[in-house]
J.: 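Below: one structure in structure tokens.
The analysis underlying the following values was restricted to heavy atoms, covering all of them including side chains, and did not include hydrogens, waters or symmetry mates. Naming: A, B, ... by sequence-line order, numbering from 1 per chain.
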Amino acid sequence: MDWIDRGTSIEIIPPSEFDFKECLVYLERSDREVMHQVRNGFLYKLIKANQEPVLLKIGKSSDAIHVEFPANYPSSKSRREIAAYVWELFDLERDLTPFYEMASRDKVLHTLIDKYHGLRIIRIPDLFEALAWAIIGQQINLAFAYTLKKRFVEQYGEKLAYKGFDFWLFPDAQTIASLETDDLKGLQFSARKAEYMIGVAKEMASGKLSKESLLQKNDLGEMQKALIAIRGIGAWTADYCIMKCLNSTAAFPISDVGLHNALKMQLGMNRKPAIEEIKEIAANWKGWEAYATFYLWRSLYDEGL
DNA sequence: GCCCAGGTGTCTG
DNA sequence: CAGACACATGGG
């Protein structure tokens with residue numbers, strides 16, 4: 001991690017192949033998003049550092065990512081945590097050279113890496129948030145998923161108000177573990193979704209499931225197995241969370257509808273590709289399936305889908 | 001009104 | 001082990 005602590009702000013020196021504006025396009029994809037705001041080229045996000053909520057204002061100059069603290073100044077210890085958080089959020093540890101090398105010779109990806117050069121996977125560092133968001137998004141359209149997430153966060157999350165805007169922390173697993181399914185059904189969760197959500201929260205609150213223990217597995221198959229063992233987490237949710245939270249570029253949510261639509265578009269098909277066809281197309285992506293998927297998702301925001 | 005949605009669990013042959 | 005089906009509600 002390459003960063004400079006300036007006391008009242010911090011600077012993070014990103015690697016090459018990083019385009020902040022491209023990342024903002026992805027972050028701006030829904031106007032119902034509650035977990036952050038994008039305004040005037042800045043990303044505003046509330047996070048918890050050293051147990052304290054801190055509002056971040058993240059911008060980019062020619063050579064550095066600048067993080068300012070409009071609402072309250074974090075301690076020195078917190079500033080280090082914040083730098084690490086931003087580093088993880090934009091997946092800055094990754095060397096994209098091998099991905100671009102592979103993609104430049106790929107018939108689907110080569111145009112995308114040109115158009116979105118420097119886009120990195122925007123991560124969800126909090127495992128409970130990643131799992132909860134995936135469960136919310138199962139089998140409903142994305143617009144409604146954002147509505148449900150907003151209600152959920154505004155009901156059970158922590159808020160910081162600053163200059164007339166509300167910024168939110170995602171609810172803790174502990175809070176959600178103590179709910180009854182009817183509580184979530186009141187927010188228009190289906191009974192099934194409510195059960196999954198509370199069940200996963202209980203696993204995390206009890207410590208049986210944690211980001212640390214999953215990261216220790218250090219093997220994609222083992223990680224998938226551990227996640228899929230939990231009720232409500234199938235292959236898609238497991239791979240989505242590994243891709244967004246658990247730091248593997250080989251995770252591949254192959255059944256994802258967005259992926260299917262993006263491929264249909266990129267290949268000029270009049271139907272969505274079958275799983276077997278996708279496996280053939282993706283044979284060339286070995287080790288970079290998550291990045292391929294992410295760039296394909298990004299392509300959907302250009303096509304009016 | 002109808003089809004689809006960033007799926008999963010369960011049941012059946 | 002593949003295939004059918006229920007779930008549950010909004011968006012377009």
Side-chain angles (χ1 to χ4, degrees), chain A residues 25-35 112 119 121-124 127-153 155 170 181-203 209 224-246 248-249 251-266 269-279 282 289-305:
Chain A
V25 171
Y26 179 80
L27 286 161
E28 269 188 294
R29 69 198 182 285
S30 172
D31 53 14
R32 308 183 195 199
E33 178 61 67
V34 272
M35 295 311 297
L112 303 183
L119 172 66
I121 289 181
I122 307 298
R123 312 247 311 257
I124 304 175
L127 179 63
F128 180 60
E129 181 181 343
L131 287 166
W133 174 228
I135 290 167
I136 287 172
Q138 288 169 359
Q139 187 54 18
I140 57 174
N141 65 68
L142 220 37
F144 182 45
Y146 279 107
T147 301
L148 285 183
K149 180 167 83 163
K150 188 165 192 293
R151 286 181 195 151
F152 180 73
V153 169
Q155 183 72 45
F170 201 76
T181 52
D182 281 349
D183 296 325
L184 294 179
K185 282 166 75 177
L187 306 181
Q188 279 176 294
F189 280 56
S190 64
R192 198 74 63 84
K193 253 188 220 313
E195 288 168 21
Y196 295 169
M197 180 72 76
I198 294 168
V200 165
K202 283 180 173 161
E203 289 286 312
L209 177 65
Q224 285 166 332
K225 231 169 83 184
L227 285 167
I228 289 171
I230 297 160
R231 185 170 139 87
I233 302 180
W236 176 86
T237 303
D239 285 316
Y240 177 87
C241 290
I242 292 169
M243 162 179 177
K244 292 284 279 184
C245 180
L246 297 167
S248 172
T249 59
F252 191 23
I254 194 169
S255 61
D256 183 81
V257 172
L259 173 72
H260 300 174
N261 283 326
L263 282 171
K264 172 185 168 188
M265 192 77 67
Q266 292 303 314
M269 300 170 75
N270 56 13
R271 58 170 177 82
K272 289 190 280 190
I275 295 293
E276 285 309 314
E277 294 175 287
I278 299 173
K279 282 182 180 167
E289 290 88 343
Y291 259 89
T293 300
F294 200 73
Y295 272 62
L296 281 158
W297 284 346
R298 168 66 183 83
S299 75
L300 292 171
Y301 309 123
D302 289 341
E303 308 287 352
L305 275 178

J.: Are any of the side-chain heavy atoms of A/Met35 and A/Trp133 separated by less than 4.5 Å?
T.: no
J.: Which pair of non-hydrogen atoms, one from A/Leu263 and one from A/Pro273, has the smallest distance, and what is that distance?
T.: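 Where A/Leu263 meets A/Pro273 most closely, the heavy atoms are CB-CG, 3.8 Å.
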J.: What is the distance, rounded to the nearest whole Å, between atom CG of A/Leu184 and atom P of C/dA8?
T.: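 Distance, rounded to whole Å: 14 Å.
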J.: To the nearest Å, give me how far apart CZ (A/Arg271) and P (B/dC4) are.
T.: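 Whole-Å distance recorded here is 15 Å.
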J.: So, do A/Lys193 and A/Leu184 sit near enough that their side-chain heavy atoms are less than 4.5 Å apart?
T.: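 No, their side chains stay 4.5 Å or more apart.
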J.: Heavy atoms only, 4.0 Å cut-off, all strands: where does A/Gln138 land among base, sugar-phosphate and nothing?
T.: sugar-phosphate
J.: Pull out every residue in residues 224-234 of chain A that has a heavy atom closer than 4.0 Å to any atom of DNA chain B, ordered by number, or say none.
T.: A/Ile230, A/Arg231, A/Gly232, A/Ile233, A/Gly234
J.: Do the rings of A/Tyr295 and A/Tyr291 sit parallel, tilted or perpendicular, given the 30° and 60° boundaries?
T.: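 A/Tyr295 and A/Tyr291: tilted rings.
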J.: Using atom CD of A/Gln188 as one end and atom C1' of C/dG10 as the other, report the distance to the nearest whole Å.
T.: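 To the nearest whole Å, that distance equals 8 Å.
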J.: NA contact type, A/Ala145, heavy-atom cut-off 4.0 Å: base, sugar-phosphate, or nothing?
T.: nothing
J.: Return the 5'-most residue of the pair A/Lys272, A/Thr237 with respect to DNA chain B, ranking by each residue's nearest nucleotide.
T.: A/Lys272
J.: By the 4.0 Å heavy-atom rule, please label A/Ala191 as base, sugar-phosphate, or nothing.
T.: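 It contacts sugar-phosphate atoms only.
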J.: Between B/dA5, C/dC7, C/dT9, which nucleotide gets closest to the side-chain atoms of A/Arg192?
T.: C/dC7
J.: Should A/Arg298 and A/Val25 be marked as a side-chain contact (heavy atoms from CB on, under 4.5 Å) after you check the CA-CA gap, both sets of side-chain angles, and the distance that decides it?
T.: CA-CA 9 Å; A/Arg298 168 66 183 83; A/Val25 171; 3.5 Å; yes
J.: Any donor-acceptor pair under 3.5 Å linking the side chain of A/His260 with the backbone of A/Ile254?
T.: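 Flag set: sc A/His260 to bb A/Ile254 pair under 3.5 Å.
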J.: So if I take every side-chain heavy atom of A/Arg32 and compare against B/dA5, B/dG7, C/dG11, which nucleotide ends up nearest?
T.: C/dG11
J.: Calculate the interatomic distance between A/Lys193 atom NZ and C/dA6 atom P; express it in whole Å.
T.: 18 Å
J.: Distance between the P atoms of B/dC11 and C/dA8, in whole angstroms?
T.: 15 Å
J.: Mind calculating the distance between CD (A/Gln139) and P (B/dT8) to the nearest angstrom?
T.: 10 Å
J.: I'd like to know whether A/Arg192 forms a salt bridge (charged side-chain N to carboxylate O under 4.0 Å, His left out) with A/Glu195, so could you lay out the CA-CA distance, the side-chain angles of the two residues, the decisive distance to 0.1 Å, and finally the verdict.
T.: CA-CA 5 Å; A/Arg192 198 74 63 84; A/Glu195 288 168 21; 5.1 Å; no
J.: Counting side-chain heavy atoms from C-beta on, which of B/dT8, C/dT9, B/dA5 comes nearest to A/Asn141?
T.: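 Comparing B/dT8, C/dT9, B/dA5 against the side chain of A/Asn141, the answer is B/dA5.
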J.: Rounded to the Å, how far apart are A/Ile140 CD1 and C/dA6 C1'?
T.: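 The distance from CD1 of A/Ile140 to C1' of C/dA6 comes to 17 Å, rounded to the nearest Å.
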J.: Can you name the one residue among A/Ile242, A/Leu259, A/Thr237, A/Asp239 that meets side chain to side chain contact (heavy atoms under 4.5 Å, CB included) with A/Pro253?
T.: A/Asp239
J.: Whole Å only: how far is the NZ atom of A/Lys185 from the P atom of C/dT9?
T.: 8 Å
J.: Expressed in angstrom and rounded to an integer, what is the separation of A/Arg151 atom CZ from C/dT9 atom P?
T.: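 To the nearest whole Å, that distance equals 11 Å.
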J.: Check this one for me: any side-chain N or O of A/Asn261 less than 4.0 Å away from OP1 or OP2 of B/dA5?
T.: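 For B/dA5, OP1 or OP2 has a side-chain N or O of A/Asn261 closer than 4.0 Å.
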J.: So what does A/Phe189 touch, heavy atoms closer than 4.0 Å: a base, only the sugar-phosphate, or nothing?
T.: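 Since no nucleic acid heavy atom lies under 4.0 Å of A/Phe189, the category is nothing.
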